[in-house]
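Along the sequence shown, residues carry numbers from 1.
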Amino acid sequence: MLYILLLAAFLLFELLYFSVADHFNIIDKPNERSSHTEVTLRGGGVVFYFAALVYFVTSDFSYPWFFLGLTLMTAVSFADDLLTLSNKLRLVIHFLSVLLMAYQLELFTMPWFYLLATFVLVVGVINAYNFMDGINGITAAYSLAVGGLLMLVNNTVGFIDPDLLSYTMLGVLAFAFFNFRKKAKCFAGDVGSVAIAFILMFALAKLILYTGNFIYILFLGVYGIDAVWTIVRRLYLKENIFQAHRSHLYQYLANEAGIPKLMVSATYGILQFVFGMLVIYATNFDVKAQILFSIVSLLVLSIVYLLLKEFIIKKHIRGNQQTS
(Lines give C-alpha, C1' and ligand atoms only; values in the text may rest on other atoms or scores of the structure.)
Protein backbone atom coordinates (compact mmCIF):
# COMPACT_ATOMS: atom_id res chain seq x y z
CA MET A 1 0.00 0.00 0.00
CA LEU A 2 2.85 2.38 0.85
CA TYR A 3 4.44 1.87 -2.56
CA ILE A 4 1.13 2.60 -4.32
CA LEU A 5 0.77 5.84 -2.39
CA LEU A 6 4.35 6.81 -3.14
CA LEU A 7 3.92 6.10 -6.84
CA ALA A 8 0.78 8.23 -6.87
CA ALA A 9 2.67 11.02 -5.08
CA PHE A 10 5.50 10.87 -7.61
CA LEU A 11 3.03 10.97 -10.52
CA LEU A 12 1.36 14.00 -8.94
CA PHE A 13 4.74 15.63 -8.48
CA GLU A 14 5.45 15.17 -12.19
CA LEU A 15 2.14 16.79 -13.10
CA LEU A 16 2.90 19.74 -10.84
CA TYR A 17 6.35 20.05 -12.34
CA PHE A 18 4.87 20.06 -15.85
CA SER A 19 2.78 23.10 -14.90
CA VAL A 20 5.88 24.88 -13.62
CA ALA A 21 7.96 23.87 -16.64
CA ASP A 22 5.24 25.01 -19.02
CA HIS A 23 4.88 28.34 -17.20
CA PHE A 24 8.62 29.07 -17.21
CA ASN A 25 9.15 27.62 -20.70
CA ILE A 26 11.50 24.86 -19.54
CA ILE A 27 11.60 23.02 -22.84
CA ASP A 28 13.89 20.84 -24.92
CA LYS A 29 14.38 22.21 -28.41
CA PRO A 30 15.64 19.74 -31.05
CA ASN A 31 19.31 20.16 -31.99
CA GLU A 32 21.98 18.23 -33.89
CA ARG A 33 22.15 15.62 -31.10
CA SER A 34 18.40 15.19 -30.73
CA SER A 35 16.46 12.22 -32.04
CA HIS A 36 13.15 14.09 -31.69
CA THR A 37 11.69 16.83 -33.86
CA GLU A 38 9.16 18.47 -31.53
CA VAL A 39 9.61 20.85 -28.60
CA THR A 40 9.10 18.87 -25.37
CA LEU A 41 9.13 19.71 -21.65
CA ARG A 42 12.56 19.16 -20.11
CA GLY A 43 13.66 18.20 -16.61
CA GLY A 44 11.02 15.57 -15.83
CA GLY A 45 13.81 13.49 -14.30
CA VAL A 46 13.83 15.84 -11.30
CA VAL A 47 11.38 13.32 -9.82
CA PHE A 48 14.39 11.04 -9.19
CA TYR A 49 15.74 13.59 -6.75
CA PHE A 50 12.30 14.07 -5.21
CA ALA A 51 12.05 10.31 -4.61
CA ALA A 52 15.47 10.33 -2.92
CA LEU A 53 14.38 13.33 -0.86
CA VAL A 54 11.30 11.46 0.38
CA TYR A 55 13.55 8.56 1.39
CA PHE A 56 16.03 10.89 3.11
CA VAL A 57 13.35 12.56 5.24
CA THR A 58 11.47 9.37 6.14
CA SER A 59 14.66 7.45 7.00
CA ASP A 60 15.75 9.92 9.68
CA PHE A 61 18.25 11.46 7.28
CA SER A 62 20.26 8.39 6.32
CA TYR A 63 23.39 8.81 4.17
CA PRO A 64 23.53 12.61 4.75
CA TRP A 65 26.82 13.27 2.90
CA PHE A 66 25.64 11.32 -0.12
CA PHE A 67 22.39 13.25 -0.13
CA LEU A 68 24.20 16.58 0.14
CA GLY A 69 26.30 15.59 -2.87
CA LEU A 70 23.17 14.55 -4.74
CA THR A 71 21.53 17.88 -3.90
CA LEU A 72 24.49 19.88 -5.21
CA MET A 73 24.71 17.74 -8.34
CA THR A 74 20.97 18.05 -8.98
CA ALA A 75 20.90 21.80 -8.35
CA VAL A 76 23.74 22.61 -10.74
CA SER A 77 22.33 20.27 -13.39
CA PHE A 78 18.87 21.84 -13.14
CA ALA A 79 20.41 25.31 -13.35
CA ASP A 80 22.38 24.15 -16.39
CA ASP A 81 19.16 22.94 -18.00
CA LEU A 82 17.78 26.46 -17.58
CA LEU A 83 20.78 28.74 -18.07
CA THR A 84 23.68 26.73 -19.58
CA LEU A 85 26.34 27.18 -16.91
CA SER A 86 30.08 27.36 -17.49
CA ASN A 87 31.95 24.07 -17.68
CA LYS A 88 34.27 25.18 -14.86
CA LEU A 89 31.41 25.73 -12.42
CA ARG A 90 29.81 22.40 -13.26
CA LEU A 91 33.18 20.67 -12.90
CA VAL A 92 33.75 22.17 -9.45
CA ILE A 93 30.30 21.11 -8.23
CA HIS A 94 30.70 17.63 -9.68
CA PHE A 95 34.08 17.31 -7.99
CA LEU A 96 32.65 18.40 -4.65
CA SER A 97 29.65 16.09 -5.01
CA VAL A 98 31.83 13.06 -5.71
CA LEU A 99 34.00 14.01 -2.71
CA LEU A 100 30.90 13.97 -0.52
CA MET A 101 29.88 10.58 -1.90
CA ALA A 102 33.38 9.27 -1.27
CA TYR A 103 33.22 10.55 2.31
CA GLN A 104 29.89 8.78 2.81
CA LEU A 105 31.48 5.59 1.48
CA GLU A 106 34.38 6.08 3.95
CA LEU A 107 36.89 5.92 1.12
CA PHE A 108 39.25 8.35 2.84
CA THR A 109 40.15 5.59 5.29
CA MET A 110 41.14 3.27 2.43
CA PRO A 111 44.15 3.19 0.06
CA TRP A 112 44.31 6.20 -2.29
CA PHE A 113 43.54 4.20 -5.40
CA TYR A 114 40.03 3.43 -4.10
CA LEU A 115 39.32 7.16 -4.10
CA LEU A 116 40.85 7.62 -7.55
CA ALA A 117 38.88 4.70 -9.00
CA THR A 118 35.67 6.09 -7.51
CA PHE A 119 36.25 9.51 -9.07
CA VAL A 120 36.95 8.05 -12.50
CA LEU A 121 33.97 5.69 -12.42
CA VAL A 122 31.42 8.10 -10.98
CA VAL A 123 32.33 10.99 -13.28
CA GLY A 124 32.54 8.64 -16.26
CA VAL A 125 29.18 7.00 -15.56
CA ILE A 126 27.45 10.35 -14.95
CA ASN A 127 28.68 11.69 -18.28
CA ALA A 128 27.83 8.44 -20.08
CA TYR A 129 24.33 8.48 -18.60
CA ASN A 130 23.90 12.05 -19.73
CA PHE A 131 25.05 11.36 -23.30
CA MET A 132 23.00 8.15 -23.51
CA ASP A 133 19.79 10.00 -22.68
CA GLY A 134 18.85 10.68 -26.29
CA ILE A 135 15.62 8.84 -27.15
CA ASN A 136 12.29 8.24 -25.46
CA GLY A 137 12.39 5.72 -22.65
CA ILE A 138 16.05 4.76 -22.68
CA THR A 139 16.96 6.37 -19.33
CA ALA A 140 13.87 4.89 -17.68
CA ALA A 141 14.31 1.40 -19.15
CA TYR A 142 18.01 1.20 -18.39
CA SER A 143 17.65 2.63 -14.88
CA LEU A 144 14.91 0.14 -14.04
CA ALA A 145 17.18 -2.66 -15.23
CA VAL A 146 20.17 -1.53 -13.16
CA GLY A 147 18.03 -0.66 -10.15
CA GLY A 148 16.26 -4.01 -10.37
CA LEU A 149 19.57 -5.86 -10.40
CA LEU A 150 20.77 -3.93 -7.35
CA MET A 151 17.53 -4.70 -5.53
CA LEU A 152 17.87 -8.42 -6.31
CA VAL A 153 21.40 -8.54 -4.92
CA ASN A 154 20.41 -6.45 -1.93
CA ASN A 155 17.78 -9.02 -0.97
CA THR A 156 20.54 -11.53 -0.27
CA VAL A 157 23.57 -9.36 0.49
CA GLY A 158 21.98 -6.42 2.33
CA PHE A 159 24.54 -3.78 1.39
CA ILE A 160 22.19 -0.75 1.45
CA ASP A 161 18.87 0.39 2.90
CA PRO A 162 16.36 -1.18 0.47
CA ASP A 163 14.02 1.80 0.70
CA LEU A 164 16.52 4.04 -1.09
CA LEU A 165 16.43 1.74 -4.10
CA SER A 166 12.67 1.10 -3.88
CA TYR A 167 11.72 4.77 -3.64
CA THR A 168 14.08 5.71 -6.45
CA MET A 169 12.70 3.02 -8.76
CA LEU A 170 9.17 4.22 -8.03
CA GLY A 171 10.32 7.66 -9.13
CA VAL A 172 11.70 6.12 -12.32
CA LEU A 173 8.36 4.39 -12.92
CA ALA A 174 6.53 7.70 -12.52
CA PHE A 175 8.88 9.31 -15.03
CA ALA A 176 8.52 6.36 -17.40
CA PHE A 177 4.75 6.83 -17.45
CA PHE A 178 5.26 10.19 -19.13
CA ASN A 179 8.43 9.45 -21.08
CA PHE A 180 8.16 5.85 -22.27
CA ARG A 181 5.68 6.61 -25.03
CA LYS A 182 5.82 7.36 -28.73
CA LYS A 183 5.24 11.07 -28.10
CA ALA A 184 6.93 11.79 -24.80
CA LYS A 185 5.33 14.25 -22.41
CA CYS A 186 8.75 15.14 -21.03
CA PHE A 187 12.44 14.33 -21.16
CA ALA A 188 14.70 13.68 -18.18
CA GLY A 189 17.02 16.58 -18.90
CA ASP A 190 20.52 16.84 -17.46
CA VAL A 191 19.00 17.03 -13.99
CA GLY A 192 17.37 13.63 -14.41
CA SER A 193 20.20 11.70 -16.04
CA VAL A 194 22.77 13.11 -13.61
CA ALA A 195 20.62 12.49 -10.53
CA ILE A 196 19.77 8.87 -11.34
CA ALA A 197 23.38 8.14 -12.33
CA PHE A 198 24.60 9.57 -9.00
CA ILE A 199 22.10 7.48 -7.02
CA LEU A 200 22.84 4.25 -8.88
CA MET A 201 26.60 4.77 -8.65
CA PHE A 202 26.35 5.29 -4.89
CA ALA A 203 24.44 2.03 -4.51
CA LEU A 204 26.79 0.21 -6.88
CA ALA A 205 29.86 1.52 -5.07
CA LYS A 206 28.44 0.36 -1.75
CA LEU A 207 27.85 -3.08 -3.23
CA ILE A 208 31.39 -3.34 -4.60
CA LEU A 209 32.94 -2.13 -1.34
CA TYR A 210 30.73 -4.38 0.78
CA THR A 211 31.46 -7.53 -1.23
CA GLY A 212 34.96 -6.62 -2.41
CA ASN A 213 33.90 -7.81 -5.86
CA PHE A 214 34.46 -5.45 -8.76
CA ILE A 215 32.52 -7.64 -11.21
CA TYR A 216 29.32 -5.82 -10.30
CA ILE A 217 30.48 -2.85 -12.38
CA LEU A 218 29.21 -4.93 -15.31
CA PHE A 219 25.71 -3.91 -14.19
CA LEU A 220 26.56 -0.89 -16.37
CA GLY A 221 28.18 -2.93 -19.14
CA VAL A 222 25.75 -2.21 -21.98
CA TYR A 223 25.92 1.56 -21.56
CA GLY A 224 29.67 1.25 -21.04
CA ILE A 225 30.20 -0.58 -24.33
CA ASP A 226 28.20 1.99 -26.30
CA ALA A 227 29.79 4.99 -24.57
CA VAL A 228 33.41 3.81 -24.74
CA TRP A 229 33.37 2.60 -28.34
CA THR A 230 31.56 5.76 -29.45
CA ILE A 231 34.32 7.87 -27.87
CA VAL A 232 37.00 5.70 -29.47
CA ARG A 233 35.43 6.07 -32.91
CA ARG A 234 35.02 9.84 -32.55
CA LEU A 235 38.63 10.20 -31.45
CA TYR A 236 39.69 8.10 -34.45
CA LEU A 237 37.72 10.43 -36.73
CA LYS A 238 39.32 13.43 -34.95
CA GLU A 239 35.94 14.74 -33.80
CA ASN A 240 35.42 16.87 -30.70
CA ILE A 241 34.04 14.37 -28.18
CA PHE A 242 32.53 17.20 -26.12
CA GLN A 243 30.31 18.44 -28.94
CA ALA A 244 26.73 17.24 -29.41
CA HIS A 245 26.36 14.28 -31.75
CA ARG A 246 24.11 11.41 -32.79
CA SER A 247 26.64 8.63 -33.24
CA HIS A 248 25.80 6.23 -30.41
CA LEU A 249 24.54 2.85 -31.56
CA TYR A 250 21.11 3.40 -30.02
CA GLN A 251 20.82 6.62 -32.06
CA TYR A 252 21.83 4.83 -35.26
CA LEU A 253 19.29 2.11 -34.54
CA ALA A 254 16.50 4.61 -33.90
CA ASN A 255 17.35 7.24 -36.51
CA GLU A 256 19.23 5.64 -39.41
CA ALA A 257 17.90 2.06 -39.15
CA GLY A 258 14.39 3.28 -38.38
CA ILE A 259 13.73 0.88 -35.50
CA PRO A 260 11.00 2.25 -33.17
CA LYS A 261 12.62 4.23 -30.38
CA LEU A 262 10.72 2.48 -27.60
CA MET A 263 11.85 -0.90 -28.95
CA VAL A 264 15.47 0.28 -28.90
CA SER A 265 15.09 1.58 -25.35
CA ALA A 266 13.41 -1.59 -24.13
CA THR A 267 16.11 -3.70 -25.80
CA TYR A 268 18.87 -1.82 -23.98
CA GLY A 269 17.11 -2.31 -20.66
CA ILE A 270 16.32 -5.99 -21.23
CA LEU A 271 19.81 -6.74 -22.52
CA GLN A 272 21.38 -5.12 -19.46
CA PHE A 273 19.07 -6.98 -17.09
CA VAL A 274 19.81 -10.35 -18.70
CA PHE A 275 23.53 -9.60 -18.73
CA GLY A 276 23.29 -8.52 -15.10
CA MET A 277 21.63 -11.80 -14.15
CA LEU A 278 24.58 -13.62 -15.73
CA VAL A 279 26.91 -11.41 -13.70
CA ILE A 280 25.07 -12.35 -10.49
CA TYR A 281 25.38 -16.03 -11.41
CA ALA A 282 29.08 -15.55 -12.17
CA THR A 283 29.70 -14.35 -8.60
CA ASN A 284 29.39 -18.00 -7.56
CA PHE A 285 32.62 -18.76 -9.45
CA ASP A 286 36.17 -18.32 -8.21
CA VAL A 287 38.13 -15.15 -9.01
CA LYS A 288 39.86 -16.54 -12.11
CA ALA A 289 36.57 -17.71 -13.57
CA GLN A 290 34.99 -14.31 -12.87
CA ILE A 291 37.84 -12.52 -14.63
CA LEU A 292 37.50 -14.87 -17.62
CA PHE A 293 33.73 -14.32 -17.68
CA SER A 294 34.20 -10.54 -17.61
CA ILE A 295 36.77 -10.54 -20.43
CA VAL A 296 34.82 -12.92 -22.66
CA SER A 297 31.46 -11.20 -22.12
CA LEU A 298 32.87 -7.72 -22.80
CA LEU A 299 34.68 -9.06 -25.86
CA VAL A 300 31.50 -10.66 -27.22
CA LEU A 301 29.45 -7.52 -26.55
CA SER A 302 32.10 -5.40 -28.23
CA ILE A 303 32.25 -7.59 -31.34
CA VAL A 304 28.46 -7.63 -31.70
CA TYR A 305 28.34 -3.90 -31.10
CA LEU A 306 31.04 -3.07 -33.66
CA LEU A 307 29.65 -5.38 -36.34
CA LEU A 308 26.12 -4.03 -35.92
CA LYS A 309 27.26 -0.42 -35.95
CA GLU A 310 29.42 -0.93 -39.03
CA PHE A 311 26.49 -2.63 -40.80
CA ILE A 312 24.21 0.33 -40.09
CA ILE A 313 26.88 2.83 -41.16
CA LYS A 314 27.47 1.03 -44.46
CA LYS A 315 23.83 0.39 -45.29
CA HIS A 316 22.06 3.50 -44.04
CA ILE A 317 24.68 6.26 -43.84
CA ARG A 318 27.24 5.64 -46.55
CA GLY A 319 24.56 4.18 -48.79
CA ASN A 320 22.42 7.31 -48.48
CA GLN A 321 25.44 9.52 -49.11
CA GLN A 322 26.23 7.66 -52.32
CA THR A 323 22.68 7.91 -53.64
CA SER A 324 22.22 11.58 -52.75
Would you list the atom pairs, donor with acceptor, under 3.5 Å between side chains in residues 262-281 and any protein atom, with sequence neighbours excluded?
residue	atom	partner	partner atom	Å
S265	OG	N136	O	2.6
S265	OG	I138	N	3.1
S265	OG	K261	O	3.2
T267	OG1	M263	O	2.7
Y268	OH	D226	OD2	2.6
Y268	OH	Y250	N	3.2
Q272	OE1	Y142	OH	2.5
Q272	OE1	G221	N	3.2
Q272	OE1	V222	N	2.8
Q272	NE2	L218	O	3.2
Q272	NE2	F219	O	3.0

Please check: side-chain N/O of [X] versus main-chain N/O of [Y], any donor-acceptor pairing under 3.5 Å?
X    : Y    : answer
E310 : L306 : no
N154 : L150 : no
N179 : C186 : yes
D80  : V76  : no
E239 : R234 : no

Give the minimum heavy-atom separation between [X] and [Y], together with the two atoms involved.
X    : Y    : answer
H248 : T230 : ND1-OG1, 3.2 Å
S247 : Q251 : N-OE1, 3.1 Å
S97  : L72  : OG-CB, 3.6 Å
S77  : H94  : OG-NE2, 4.4 Å
L115 : A102 : CD1-CB, 3.5 Å

Would you give me the side-chain donor-acceptor pairs under 3.5 Å for residues 162-173, sequence neighbours excluded?
residue	atom	partner	partner atom	Å
S166	OG	Y3	OH	3.4
S166	OG	P162	O	3.0
T168	OG1	L164	O	2.7

Practice problem: Could you list who else is in L237's hydrophobic cluster, with ILVMFWY side chains joined at under 4.5 Å, directly or through other members? | Solution: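 Hydrophobic cluster check, L237: joined to Y236.
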
Self-check item: Side-chain cluster (under 4.5 Å, hydrophobic types only) that L292 belongs to, other residues
Solution: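 Traced through the cluster, L292 reaches V296, V300, V304.
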
Excluding sequence neighbours, so at least two apart, what forms side-chain hydrogen bond (donor to acceptor under 3.5 Å, both in side chains) with [X]?
X    : value
D22  : none
T71  : Y49
T211 : none

Using a 3.5 Å cut-off and no angle test, enumerate the donor-acceptor pairs between side-chain atoms of residues 191-205 and protein atoms at least two apart in sequence or in another chain.
residue	atom	partner	partner atom	Å
S193	OG	N130	OD1	3.0
S193	OG	G189	O	3.3
S193	OG	D190	O	3.3

Exercise. Check each of Y129, Y305, W229 against Y223 using the ring pair (Phe, Tyr, Trp, His ring centres under 6.0 Å) test, and report the only one that passes.
Key: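 It is Y129; the other options fail the test.
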
Quiz item: Testing F67, F50, Y63 for ring pair (Phe, Tyr, Trp, His ring centres under 6.0 Å) with F56, which one passes?
Solution: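 Considering F67, F50, Y63, a ring pair (Phe, Tyr, Trp, His ring centres under 6.0 Å) with F56 is found only for F67.
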
About how many Å separate [atom2] of [Y] and [atom1] of [X], when rounded to the nearest 0.5 Å?
X    : Y    : atom1 : atom2 : value
I160 : K206 : CD1   : NZ    : 6.0 Å
L107 : F119 : CG    : CZ    : 9.0 Å
N127 : I231 : CG    : CD1   : 8.5 Å
I208 : F214 : CD1   : CZ    : 5.5 Å
T74  : I93  : OG1   : CD1   : 11.5 Å
I225 : I303 : CD1   : CD1   : 10.5 Å

Quiz prompt | ring pair (Phe, Tyr, Trp, His ring centres under 6.0 Å) contacts in which one or both residues fall within residues 144-166, not counting sequence neighbours | solution =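 Listed once each, the pairs would be none.
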
Path from [X] to [Y] over hydrophobic side-chain contacts below 4.5 Å:
X    : Y    : value
L307 : I312 : no
L16  : L6   : no
L83  : F24  : yes
F113 : L99  : yes
L121 : M73  : yes

Exercise. Output, in order, the C-alpha distance, side-chain angles, deciding distance and verdict of side-chain contact (heavy atoms from CB on, under 4.5 Å) for I26 and L41.
Key: CA-CA 6 Å; I26 306 174; L41 294 178; 5.9 Å; no

Quiz prompt | side-chain contact (heavy atoms from CB on, under 4.5 Å) involving A188 - partner list, sequence neighbours excluded | solution =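 If we apply the side-chain contact (heavy atoms from CB on, under 4.5 Å) test to A188, skipping adjacent residues, the hits are D133, F175.
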
Practice problem: For the pair F13 and Y17, name the ring-plane relationship: parallel under 30°, tilted 30 to 60°, perpendicular over 60°. | Solution: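 Parallel: the ring planes of F13 and Y17 meet at under 30°.
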
Self-check item: Side-chain touch Q290/N213, heavy atoms, less than 4.5 angstrom
Solution: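 Yes, side chains in contact.
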
Self-check item: Which residues share a ring-ring contact (aromatic ring centres under 6.0 Å, His included) with F178, sequence neighbours left out
Solution: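 ring-ring contact (aromatic ring centres under 6.0 Å, His included) list for F178, sorted by chain: F18.
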
Quiz prompt | Partners passing ring-ring contact (aromatic ring centres under 6.0 Å, His included) against Y103 (at least two apart in sequence or in another chain) | solution =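 Result, ring-ring contact (aromatic ring centres under 6.0 Å, His included) vs Y103: W65.
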
Quiz item: Taking the six-membered ring for Trp, are the ring centroids of F285 and F293 within less than 6.0 Å of each other?
Solution: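 No, the ring of F285 stays outside the 6.0 Å limit from the ring of F293, centre to centre.
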
